[in-house]
Amino acid sequence: MTRVALAGRTDELFGVKDENLRAIEEILKVRIKNDGVDLVIDGPEAGQRQAQSVLTQLTSMMAKGYGLGGGDVRLAATLISENEGADLKDFLTKAIVRSGKKTIVPRSFNQRRYLEQILGSDMVFGVGPAGTGKTYLAVAQAVSYLLSKSVARIILARPAVEAGEKLGFLPGDLQQKVDPYLRPLYDALYDMMEFEKVERLIARHVIEVAPIAFMRGRTLSDAFVIIDEAQNTTPEQMKMVLTRIGFGSKVVVNGDITQIDLPQGRTSGLVDAIQVLSGVEGIGFSYFDQRDVVRHKLVQSVIKAYESRGPVNAPGSAGNGSSNGGAS
């Protein structure tokens, strides 16, 4: 058993109905009891060490004025479970991105590596499941670059692939038909900047949100370009977009190669690009998994369950997923 001395704002550290202690127990596979003087940690030796590190580091930070945010304790336990030597102060207080009305801190080691690659490379691929922050972090970095005048504009693009619905049956003109496919990109922008400012920048074409098909024939200089849902591009579309990049630009390509909505038999442009470009110097690749999910904790369990089941088109499974769906 390991003992950790109690000090300072224990109610904040423990959380409502000790929910923070329960989170540490769940993630590190230990049991924590409060004997009135100390916290007593019981369980596997590694778990005891990790739980002690989480509690002592957070207590020290709080003693110096740090206010725990929602999910900080769960994040801290996850980080320490991945790397016992992690410096929680560095992770929780060192903002990597200051983006408009938001200060963005990476929530996992892979997220941090992804942001560092964006800073250090002009082309980065972010590959992993939903909820791992690929699009959100890329938009945050793009807004940060725009506000610091490191780029002159932001271009957000994604393929308008029909996943069970037909564009022709949607109401409105072409722009109105494709807008629903681009909504996640708008949502991320509105989270970073005031609504009115985003609308002004879009009206002035400083920020452009458009289907990938609109990129053909252009040269994108002094721009931060984000290609979202890239698993639903074709190899031809991917090559077209990547060769649009001009001087002073950065491009981030994101996608989840387990959720490909292309017609059966079509090759994913993202899968193809990973194979073709993996050895090219100057291009960064960041890979995410369920540990990086920052949505509801059940999302991690859902992703893990689907990964265990295997590709949706495997023998005996339901669905009509693409033959590329299980690529890795």
Side-chain angles (χ1 to χ4, degrees), residues 123-132 134-135 138 156-172 174-185 209-217 225-244 251-279 283 285-290 292-293 295 299-328:
M123 185 177 293
V124 173
F125 287 78
V127 183
T132 50
K134 304 182 300 295
T135 299
L156 309 174
R158 65 186 329 202
V161 172
E162 302 170 354
E165 296 172 304
K166 296 297 183 181
L167 280 173
F169 292 111
L170 294 176
L174 177 60
Q175 189 62 48
Q176 291 170 324
K177 289 177 186 290
V178 300
D179 268 356
Y181 292 88
L182 306 172
R183 183 51 50 189
L185 299 173
V209 185
I212 281 178
F214 289 18
M215 301 297 105
R216 189 173 299 277
V225 182
I226 299 173
I227 309 302
D228 198 36
E229 296 290 328
Q231 76 274 7
N232 289 328
T233 62
T234 64
E236 295 78 13
Q237 286 177 319
M238 180 65 75
K239 180 181 178 182
M240 179 272 292
V241 171
L242 296 183
T243 54
R244 299 303 92 203
V251 60
V252 178
V253 180
N254 291 324
D256 177 1
I257 57 177
T258 70
Q259 295 192 44
I260 299 173
D261 298 316
L262 292 171
Q264 187 77 22
R266 296 296 300 274
T267 300
S268 164
L270 178 58
V271 173
D272 184 64
I274 293 171
Q275 295 170 350
V276 172
L277 303 176
S278 59
I283 299 179
F285 291 86
S286 285
Y287 294 91
F288 300 85
D289 56 37
Q290 71 270 10
D292 303 301
V293 172
R295 295 177 182 171
V299 176
Q300 292 186 354
S301 301
V302 169
I303 291 170
K304 189 173 182 179
Y306 273 99
E307 287 179 346
S308 298
R309 196 275 301 277
V312 296
N313 61 329
S317 65
N320 57 351
S322 164
S323 59
N324 295 320
S328 60

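Summarising the geometry, atom OH belonging to Tyr287 is positioned 14.0 Å from atom CG belonging to Asp292; distances are rounded to the nearest 0.5 Å. For the atom pair CG (Leu270) and CG (Asn232), the distance works out to 9.5 Å, reported to the nearest 0.5 Å. Atom CZ of Arg244 and atom CD1 of Ile212 lie 12.5 Å apart (nearest 0.5 Å). From Thr233, atom OG1 reaches atom CG of Asp228 across 11.5 Å, with rounding to the nearest 0.5 Å.
The shortest heavy-atom contact between Lys134 and Pro129 is NZ-O, 2.9 Å. The heavy-atom pair separating Phe288 from Gly126 by the smallest distance is CE1-CA, 4.2 Å. A pairwise comparison of heavy atoms in Ser268 and Ala230 identifies OG-O, 4.3 Å as the closest pair.
Glu229 meets the side chain to side chain donor-acceptor pair (under 3.5 Å) test with Arg158, Gln231; sequence neighbours excluded. When the side chain to side chain contact (heavy atoms under 4.5 Å, CB included) test is applied to Ala138, the partners found at least two apart in sequence or on another chain are Tyr114, Ile226, Val252, Asn254. Here Asp256 pairs with Thr258, Gln259 under the side chain to side chain donor-acceptor pair (under 3.5 Å) rule; sequence neighbours left out.
Applying the side chain to side chain contact (heavy atoms under 4.5 Å, CB included) test between Met238 and each of Val276, Val271, Val253 identifies Val253 as the sole match.
With no hydrogens or angles considered, no side-chain donor-acceptor pair links Thr267 and Asp272 at under 3.5 Å.
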